[in-house]
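Structure, as structure tokens:
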Amino acid sequence: MLFDNDCPVLPPLPAPEYADIRVLLASASPRRRQLLGMIVPHFETVRLSDVKEEYPASLPPEEVPAFLSRLKADAYVDRLRDNDLMITADTIVIAAGIILGKPSGRNEAIEMLRLLSDSTHTVVTGVTLSSLSGKRSDTFSVSTDVHFARLPQERIENYVDRYRPFDKAGAYGVQEWIGAMGISRIEGSFYNVMGLPLHVLYDHLASFFQK
């Protein structure tokens, strides 16, 4: 039997070359910080203030995250130095054609999870890379389909009361108990559901650094 202490210590895998570039993650999300650290060993976080996350009512739901990621980038881009590369992102849940953002409290979180129960929804994350004081940018989005098994009311309430998922789109964290217990199938990137599509982001970063 192999225990954690028996696992070999491996050297980190190569990351995109950016020796002279300061990578900035403009996000307050601890999950995004954790995820970015898996592919970018050194970066700084900045907080965006007074960004109203509003979008045109006519915008198709799947285009909203990319729009909001650009909106966040525009709020900070004039402060970038020539060698800065900033990452902004936004994640939404789309269920039955309805955008589910972060719940305002317990009751709304419970209602969101009741809507997601025994159905498939789509998680979309939009990402914008910005550098050189806004002279270069790259915006993309990634979608993942997530299927929840039937969630009994008692389990929904227990999860909401214990984990208080009020900072999460759709009122759940895929990496938490409800994901392990309730999600029966994922089609697409698991990390995208957490908040950053790492496989696509890694390739975009590599291309961005080479230009």
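Predicted, not measured: the structure shown is a model, and the values here were computed from it. The first residue in the sequence is number 1, and the count goes up from there.
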ask   = Considering only heavy atoms from C-beta outward, does the side chain of Leu85 approach that of Arg22 to under 4.5 Å?
value = no
key: Test of ring centre spacing under 6.0 Å for Tyr172 and Tyr163   = no
task = Output yes when a side-chain donor or acceptor of Asp84 lies under 3.5 Å from a complementary backbone atom of Arg81, and no otherwise.
result = yes
query = For His204, which residues count as a ring pair (Phe, Tyr, Trp, His ring centres under 6.0 Å) partner, sequence neighbours excluded?
reply = Phe140
message = Is there a side chain to side chain contact (heavy atoms under 4.5 Å, CB included) between Leu36 and Leu201? Walk through the geometry before answering.
response = CA-CA 9 Å; Leu36 184 60; Leu201 176 58; 4.1 Å; yes
Report, one line per pair, each donor and acceptor closer than 3.5 Å where one atom sits in a side chain of residues 186-199; sequence neighbours left out.
unit_1	atom_1	unit_2	atom_2	d
Glu187	OE2	Arg185	NE	3.2
Ser189	OG	Tyr191	N	3.3
Ser189	OG	Asn192	N	3.0
Asn192	OD1	Thr125	OG1	3.0
Asn192	ND2	Val123	O	3.4
Asn192	ND2	Val142	O	3.1
Asn192	ND2	Thr144	OG1	3.0

Heavy-atom check, side chain of Arg32 versus side chain of Ile87, under 4.5 Å = no
message = Please evaluate residues Phe148 and Asp118 with respect to the criterion side chain to side chain contact (heavy atoms under 4.5 Å, CB included), reporting the C-alpha separation (whole Å), side-chain torsions for both, the decisive distance (0.1 Å), and the verdict.
response = CA-CA 5 Å; Phe148 264 111; Asp118 197 23; over 6 Å; no
inquiry  = Return the OG to CE distance between Ser27 and Met86, rounded to the nearest 0.5 Å.
reply    = 11.5 Å
message = Does any part of the side chain of His121, heavy atoms only, come nearer than 4.5 Å to the side chain of Asp145, both counted from C-beta?
response = no
Determine all donor-acceptor pairs shorter than 3.5 Å in which one atom belongs to a side chain in residues 51-71; sequence neighbours excluded.
unit_1	atom_1	unit_2	atom_2	d
Ser69	OG	Ala66	O	2.8
Ser69	OG	Thr128	OG1	2.7

key: Pairwise distance CG(Leu35) to CG(Leu25) - rounded to 0.5 angstrom   = 10.0 Å
Per-pair distances, 0.1 Å, donor-acceptor, side chain in residues 92-106, under 3.5 Å, sequence neighbours excluded:
unit_1	atom_1	unit_2	atom_2	d
Ser104	OG	Glu108	OE1	2.6
Arg106	NE	Asp161	OD1	2.6
Arg106	NH2	Asp161	OD2	3.2

message = Using 0.5 Å steps for rounding, measure from the NZ atom of Lys72 to the CG atom of Asp74.
response = 12.5 Å
ask   = Looking at residues at least two apart in the chain, or sitting in another chain, which of them share a side chain to side chain contact (heavy atoms under 4.5 Å, CB included) with Ser143?
value = Thr122, Val124
Output a table of donor-acceptor pairs, distance under 3.5 Å, between side-chain atoms of residues 173-183 and any protein atom two or more places apart or on a different chain; print 'none' if there are none.
unit_1	atom_1	unit_2	atom_2	d
Glu176	OE1	Tyr159	OH	2.5
Glu176	OE2	Lys168	NZ	3.3

inquiry  = Quick one, His42 and Val23 - any side-chain contact, counting heavy atoms below 4.5 Å?
reply    = no
From CA spacing to verdict: side chain to side chain contact (heavy atoms under 4.5 Å, CB included), Val40, Tyr202 = CA-CA 9 Å; Val40 177; Tyr202 188 94; over 6 Å; no
ask   = Is there side-chain contact between Phe43 and Leu24, with at least one heavy-atom pair below 4.5 Å?
value = no
query = Is it true that atom CZ of Arg31 has more than 12 heavy atoms of other residues, nucleotides or ligands lying nearer than 6.0 Å?
reply = yes
message = Please determine whether side chain to side chain contact (heavy atoms under 4.5 Å, CB included) holds for the pair Ser131 and Phe208, giving the CA-CA distance in whole Å, both sets of side-chain angles, and the decisive distance to 0.1 Å.
response = CA-CA 9 Å; Ser131 73; Phe208 209 80; 3.2 Å; yes
ask   = Which pair of non-hydrogen atoms, one from Ser119 and one from Leu115, has the smallest distance, and what is that distance?
value = OG-O, 3.3 Å
query = Should the heavy atoms of other residues, nucleotides or ligands under 6.0 Å from CZ of Arg162 be counted, would the total exceed 12?
reply = no
Short side-chain to backbone donor-acceptor contact, Ser207 and Asp203, under 3.5 Å = yes
key: Spacing of Ser137 atom OG and Leu129 atom CG [to the nearest 0.5 Å]   = 8.5 Å
ask   = Would you say the side chain of Arg114 lies within less than 4.5 Å of the side chain of Leu151, judging by non-hydrogen atoms?
value = no
query = With a 4.5 Å heavy-atom cut-off, do Arg33 and Pro30 have their side chains touching?
reply = yes
query = Got Thr139 and Val127 here, is their nearest side-chain heavy-atom distance under 4.5 Å?
reply = no
remark   = One should read off an interatomic distance between Leu116 CG and Leu113 CG, to the nearest 0.5 angstrom, of 6.0 Å
